[in-house]
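Data first, discussion second: the structure below is written as C-alpha cells.
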There are 2 protein chains.
Amino acid sequence: MSGNGHEPAPTARLLAESTGWLLNDAAREVTLRLEEALKGDDLRWRDYGVLVVLEAAGPLSQQEIGRRLAVDRSTMVHIIDVLEQRGLVVRSRDKTDRRAYSIELTEPGRTLLVEVLHPLTAEVHGRVIGRLTLEDRAHLNRILGQLVGGP
Amino acid sequence: MSGNGHEPAPTARLLAESTGWLLNDAAREVTLRLEEALKGDDLRWRDYGVLVVLEAAGPLSQQEIGRRLAVDRSTMVHIIDVLEQRGLVVRSRDKTDRRAYSIELTEPGRTLLVEVLHPLTAEVHGRVIGRLTLEDRAHLNRILGQLVGGP
DNA sequence: TATTGTTATACTCTATAACTATA
DNA sequence: TATAGTTATAGAGTATAACAATA
C-alpha cells in the first residue's frame with residue numbers, strides 16, 4: 001500500500017464533518033492493525049471472525065456462518081478449507097439435514113482463540129481504543145450499535 | 001454479494017462488545033449505501049473522494065491525492081484517467097516540477113459536485129445517521145476524530 | 001541518485017453460474 | 001422444486017517492479 005502504513009488516514013482531517021469518511025478511516029485503522037497482529041498466526045481478520053462466531057454460537061452450517069459475516073457461501077468454502085486443514089475446525093454432516101455441514105470448533109481451535117487470539121486482538125484493540133476515555137468507549141459502542149442495528 | 005443487501009450486518013449483534021467489529025459493520029453500512037447512490041452517476045466512492053479532496057485543497061499531484069486517500073500512485077493513474085475522460089478533472093503539467101501533473105477540478109466537475117453529488121451523499125448520509133440524535137452525531141464525530149487522529 | 005507518472009503484470013478477494021447430493 | 005456445498009471461472013481492485021522523463 002501507499003500512505004496507510006502507520007500514519008492516520010488523513011481524509012479525516014480534511015473532512016471532519018463527514019461521518020462516513022470518519023467511519024471508513026477509523027475502521028481501516030483498526031482493521032489494518034488487527035490484520036498485522038494476526039499475521040503472526042497466519043490468520044486473516046475474517047478467519048478470526050469465523051472462529052469467534054463459532055465460539056459464540058456453537059456449531060453452524062457454512063452458509064449460516066457466511067450469512068453472519070456477510071460472506072458468500074462459495075467464499076466460505078475456501079475459508080473453512082484452510083481452518084480445517086489447520087485443525088481449528090471440523091466438518092461433520094448435519095444429522096438432520098445431510099446436505100449441510102456442521103462446522104465445529106476443535107479443542108486446538110478453542111485453545112488458540114482463548115490463549116492467543118483473544119489476548120492479541122484485545123491488546124491491539126486497547127492500543128487503538130485506548131486513546132478514548134472509558135466513557136467515550138461506552139458512548140461509541142452504543143452509538144455504533146444504533147447505527148448498524150437500524151432498518 | 002450474499003447477506004449484505006439491505007439488512008444490517010449481523011456481526012454487531014453477536015459481538016456488541018467489540019468496537020472493531022462495530023466499526024467495520026457501520027463503515028460497510030454507510031459505504032454500501034453511498035456506493036449504491038453514486039451508481040446512478042457511474043461513480044465510485046473513491047472517485048467521489050478524489051473530487052472532494054480537489055475541491056477542498058485545490059490542484060494537487062496524482063501522488064498527493066493518493067497519499068490523502070491511502071491509494072497507491074499506480075492505482076491513481078486509472079482513477080484520474082476515468083475522471084479526465086469524463087471531463088470532471090484536467091491534467092496539466094506542474095510549472096515548477098514537470099514530472100508531476102497538476103490535477104484540477106473542471107467547471108463541470110465542480111458543478112456535478114455541488115448540484116448532484118453533495119446533495120446525494122448528504123441525503124444518504126442523513127438516512128443512515130438520521131437515526132441518531134444531534135447530540136449523538138456530535139459525539140460520534142468527535143470520538144471518531146480522536147480515533148483516527150491519534151498516533 | 002531520487003522522484004512522478006506510467007505500464008505490465010500478478011495477486012487477492014469475491015461473486016456468478018453450473019453441478020451434486022440431498023430435501 | 002429448492003437448498004447446502006462445491007467447483008471453475010471471471011471480474012474488480014490493488015500492489016509491485018521496471019521504465020521514461022525530469023529533478
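If you're wondering where the values come from, they're calculated on a predicted model, not measured in any experiment. Each chain gets a letter, A, B and so on, in the order its sequence line appears, and its residues count up from 1. Side chains included, hydrogens not; waters and symmetry mates left out as well; all remaining heavy atoms used.
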Could you give the [atom1]-to-[atom2] distance, from [X] to [N], as a whole number of Å?
X: A:D42; N: C:dT12; atom1: CG; atom2: P; answer: 12 Å
X: B:I80; N: C:dT7; atom1: CD1; atom2: C1'; answer: 17 Å
X: B:M76; N: D:dT14; atom1: CE; atom2: C1'; answer: 13 Å
X: A:D81; N: D:dA8; atom1: CG; atom2: P; answer: 12 Å
X: B:I65; N: C:dT6; atom1: CD1; atom2: P; answer: 11 Å
X: B:E64; N: C:dT4; atom1: CD; atom2: C1'; answer: 13 Å
X: B:H78; N: D:dT14; atom1: NE2; atom2: P; answer: 10 Å
X: B:Q62; N: C:dT3; atom1: CD; atom2: P; answer: 18 Å

* Protein proximity profile, nucleotides 17-23 of chain C - base contact B, sugar-phosphate-only contact S, no contact -, cut-off 4.0 Å on heavy atoms -> ----BBS

* Asked: With A:R142, which residues qualify under salt bridge (charged side-chain N to carboxylate O under 4.0 Å, His left out), at least two apart?
  -> B:D136

* Is the backbone N or O of B:S74 less than 3.5 Å from a side-chain atom of B:D72, with the two atoms forming a donor-acceptor pair by type? -> yes

* Electrostatic pair A:R33:A:E29 at N-O distance under 4.0 angstrom -> yes

* Please assess B:H118 against B:Y48 for the test side chain to side chain contact (heavy atoms under 4.5 Å, CB included), listing each intermediate value before the final yes or no. => CA-CA 9 Å; B:H118 284 330; B:Y48 178 59; 2.9 Å; yes

* Before giving the answer on side chain to side chain contact (heavy atoms under 4.5 Å, CB included), spell out for A:L60 and A:R68 the whole-Å C-alpha distance, their side-chain angles and the decisive distance to 0.1 Å. => CA-CA 10 Å; A:L60 295 173; A:R68 299 190 186 207; 3.9 Å; yes

* **Worked verdict on A:W45 versus B:N24 for side chain to side chain contact (heavy atoms under 4.5 Å, CB included)** => CA-CA 11 Å; A:W45 162 259; B:N24 265 290; 3.1 Å; yes

* To do: Please tell me which of A:I79 and B:V77 maps to the more 5' nucleotide of DNA chain C, matching each residue to the nucleotide holding its nearest heavy atom.
  => B:V77

* 5'-most contact on DNA chain C: B:Q63 or A:T75, nearest heavy atom basis? -> B:Q63

* All pairs passing salt bridge (Lys or Arg N to Asp or Glu O under 4.0 Å) where residues 112-124 of chain A contributes a residue, at least two apart -> A:E123-A:R127

* **Phosphate-side-chain proximity, A:R91 and D:dA4, N/O vs OP1/OP2 below 4.0 Å** => no

